[in-house]
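It should be emphasised that the depicted structure is a prediction, and the values quoted were computed from it without experimental measurement. Numbers here simply count residues along the sequence, with the first being 1.
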Amino acid sequence: KEEIMNYALLLLAGSSKRFKSNTLKQFYIFKGRPIYYYPLKALNDSPLIDQIIILTLEDKVMDVFNYTKNNHLNKVKAVISGGATRNQTVNFGLKHIKDQVKDDDLILIHDASRALLNAKFIEIAINETKKKGATTFALHSYDTLVKASNNYEVVNYIERNEVFRLQTPQTFKAKLIMDAYKTHKDTHDDTELVFLNKNKIHLLKGSERLFKITSFDDIKKLESYLK
């Protein structure tokens, strides 16, 4: 039986509209390194990851490629241009590997702006997805949640015990995610595509460490974790 391969798609093609800086958040220099270096190093150092594909902005492809080479991040097999939306970007990544991927191989998808990815999260994602087929890290929502009308009046209250905030990594058996992208195209994230294709998504216990850098204030949050 052929050995299962584990691929990682690292997404750094976002436009960072809410990040008030001249630099896009994924390229912001933090402690001498661009933000994307931190999750990339975790993926590169993990014995469970075989190949990494980076998806970035078209005008950043060569910069990122050179950075990976200069820093000996040798599991990076390609740096390619992403699309206008998250789904397009992931789709480009999947197309890039589709001819080499086997049905039971695993594909881990991670936002580069979730900088504190580490070996433990990668291990849980890979091991659980081998058993369950499709997983995402998720955090319980502890706030009171409501649904509102267009003019900001409360329509109803949502049972918060049933509500989770999804994070990444999101990890899939290759056949599930490849088939989902053939059928559906525009969703909030990759688990939704796989879910719409009549597959179960299993939640893994998330962590505040997997927070997404969205605004400049989040750099302070990152500093507090990396003291």
Side-chain angles (χ1 to χ4, degrees), residues 6-18 25-26 39 43 53-56 80 82-98 101 103-114 117 121-122 124-143 145-148 150 155-214:
N6 300 326
Y7 297 84
L9 303 185
L10 185 65
L11 311 184
L12 42 145
S15 59
S16 306
K17 290 187 181 74
R18 288 163 291 186
K25 63 188 177 188
Q26 59 272 44
L43 291 166
I53 311 298
I54 299 177
L55 293 119
T56 189
I80 59 177
T85 65
R86 182 199 176 82
N87 282 155
Q88 273 182 10
T89 296
V90 172
N91 201 21
F92 289 161
L94 295 176
K95 279 182 172 162
H96 186 82
I97 57 175
K98 71 177 169 46
V101 168
D103 285 355
D104 282 340
D105 287 345
L106 299 187
I107 300 174
L108 177 151
I109 301 169
H110 187 65
D111 300 325
S113 55
R114 298 181 192 272
L117 180 67
F121 294 129
I122 295 167
I124 293 166
I126 295 296
N127 289 342
E128 290 301 310
T129 308
K130 272 182 191 162
K131 294 183 274 194
K132 292 174 175 158
T135 68
T136 179
F137 285 90
L139 269 185
H140 243 307
S141 185
Y142 294 112
D143 297 321
L145 298 162
V146 298
K147 201 166 182 183
N150 291 338
V155 175
N156 64 355
Y157 286 77
I158 297 165
E159 179 50 64
R160 67 182 173 193
N161 293 335
E162 298 173 0
V163 176
F164 290 79
R165 291 187 283 133
L166 299 193
Q167 301 177 306
T168 71
Q170 300 188 340
T171 313
F172 309 91
K173 287 200 170 167
K175 182 169 170 49
L176 295 189
I177 187 80
M178 294 286 191
D179 286 353
Y181 265 92
K182 285 176 199 156
T183 321
H184 303 281
K185 282 292 179 282
D186 226 9
T187 59
H188 296 98
D189 78 349
D190 302 299
T191 58
E192 190 177 355
L193 277 180
V194 173
F195 178 78
L196 290 171
N197 229 26
K198 310 275 189 291
N199 296 292
K200 286 183 175 164
I201 310 294
H202 295 270
L203 301 185
L204 306 175
K205 189 175 185 220
S207 165
E208 287 297 344
R209 286 185 69 90
L210 289 172
F211 79 96
K212 189 175 192 177
I213 296 167
T214 307

Review point. What do the steps show when you test Asp111 against Ser113 for side chain to side chain donor-acceptor pair (under 3.5 Å), and what is the final call?
Key: CA-CA 5 Å; Asp111 300 325; Ser113 55; 5.3 Å; no
Practice item. Start with the C-alpha distance between Thr89 and Arg86, add both sets of side-chain angles, then the distance that settles side chain to side chain contact (heavy atoms under 4.5 Å, CB included), and finish with yes or no. Key: CA-CA 5 Å; Thr89 296; Arg86 182 199 176 82; 5.6 Å; no
Practice item. Would you sort out whether Asp190 and Asn87 count as a side chain to side chain contact (heavy atoms under 4.5 Å, CB included), showing the intermediate values? Key: CA-CA 7 Å; Asp190 302 299; Asn87 282 155; 4.1 Å; yes
Study note, to complete from the structure: All heavy atoms of Leu55 vs all of Gly93, minimum pair found to be CD2-N, 3.5 Å
Review point. Looking at Leu12 and Gln26, what are the two nearest heavy atoms and their distance?
Key: O-NE2, 3.2 Å
Point to revise | Residue pairs passing the salt bridge (Lys or Arg N to Asp or Glu O under 4.0 Å) test where at least one lies in residues 161-179, sequence neighbours excluded | key: Arg165-Glu208, Lys175-Asp179, Asp179-Lys182
Exercise for review: Please answer whether the main-chain N or O of Thr135 pairs with a side-chain N or O of Thr191 as donor and acceptor at a distance below 3.5 Å.
Suggested key: no
Practice item. Could you please spell out the steps behind the side chain to side chain contact (heavy atoms under 4.5 Å, CB included) verdict for Ile107 and Ile97? Key: CA-CA 10 Å; Ile107 300 174; Ile97 57 175; 4.0 Å; yes
Point to revise | Nearest non-hydrogen partners of Ala125 and Leu108, listed with the distance | key: CB-CD1, 4.1 Å
Exercise for review: Indicate the atoms forming the closest heavy-atom contact of His140 with Val163, along with that distance.
Suggested key: ND1-O, 3.5 Å
Quiz: residues 197-206 side-chain donor-acceptor pairs under 3.5 angstrom, not counting sequence neighbours:
| residue | atom | partner | partner atom | Å |
| --- | --- | --- | --- | --- |
| Asn197 | OD1 | Thr183 | OG1 | 3.3 |
| Asn199 | ND2 | Val194 | O | 3.2 |
| Asn199 | ND2 | Asn197 | O | 3.3 |

Exercise for review: List the atom of Pro39, the atom of Ala112, and the distance in Å for their closest heavy-atom pair.
Suggested key: CG-O, 3.5 Å
Check your understanding: Leu9 pairs by side chain to side chain contact (heavy atoms under 4.5 Å, CB included) with which of Ile177, Leu43, Ile53?
Key -> Ile53
Exercise for review: Please indicate whether Phe164 has more than 12 foreign heavy atoms, meaning atoms of other residues, nucleotides or ligands, lying under 6.0 Å from its CZ.
Suggested key: yes
Check your understanding: If you look at every heavy atom in Lys25 and Thr214, which pair is closest and at what distance?
Key -> NZ-CA, 4.2 Å
Revision key, fill the gap. So the salt bridge (Lys or Arg N to Asp or Glu O under 4.0 Å) pairs with at least one residue in residues 126-143 (sequence neighbours excluded) are Glu128-Lys131, Glu128-Lys132
Exercise for review: Would you give the length of the straight line joining atom CZ of Phe121 to atom NE2 of His110, rounded to the nearest 0.5 angstrom?
Suggested key: 9.5 Å
Review point. Hey, what do you get for CD1 (Ile122) to CG (Leu117), rounding to the nearest 0.5 Å?
Key: 4.0 Å
Check your understanding: How many angstroms lie between atom OH of Tyr7 and atom CD1 of Ile109, to the nearest 0.5 angstrom?
Key -> 14.0 Å
**Study point:** From Leu94 atom CG to Phe172 atom CZ, the distance as rounded to the nearest 0.5 Å
**Key:** 9.5 Å
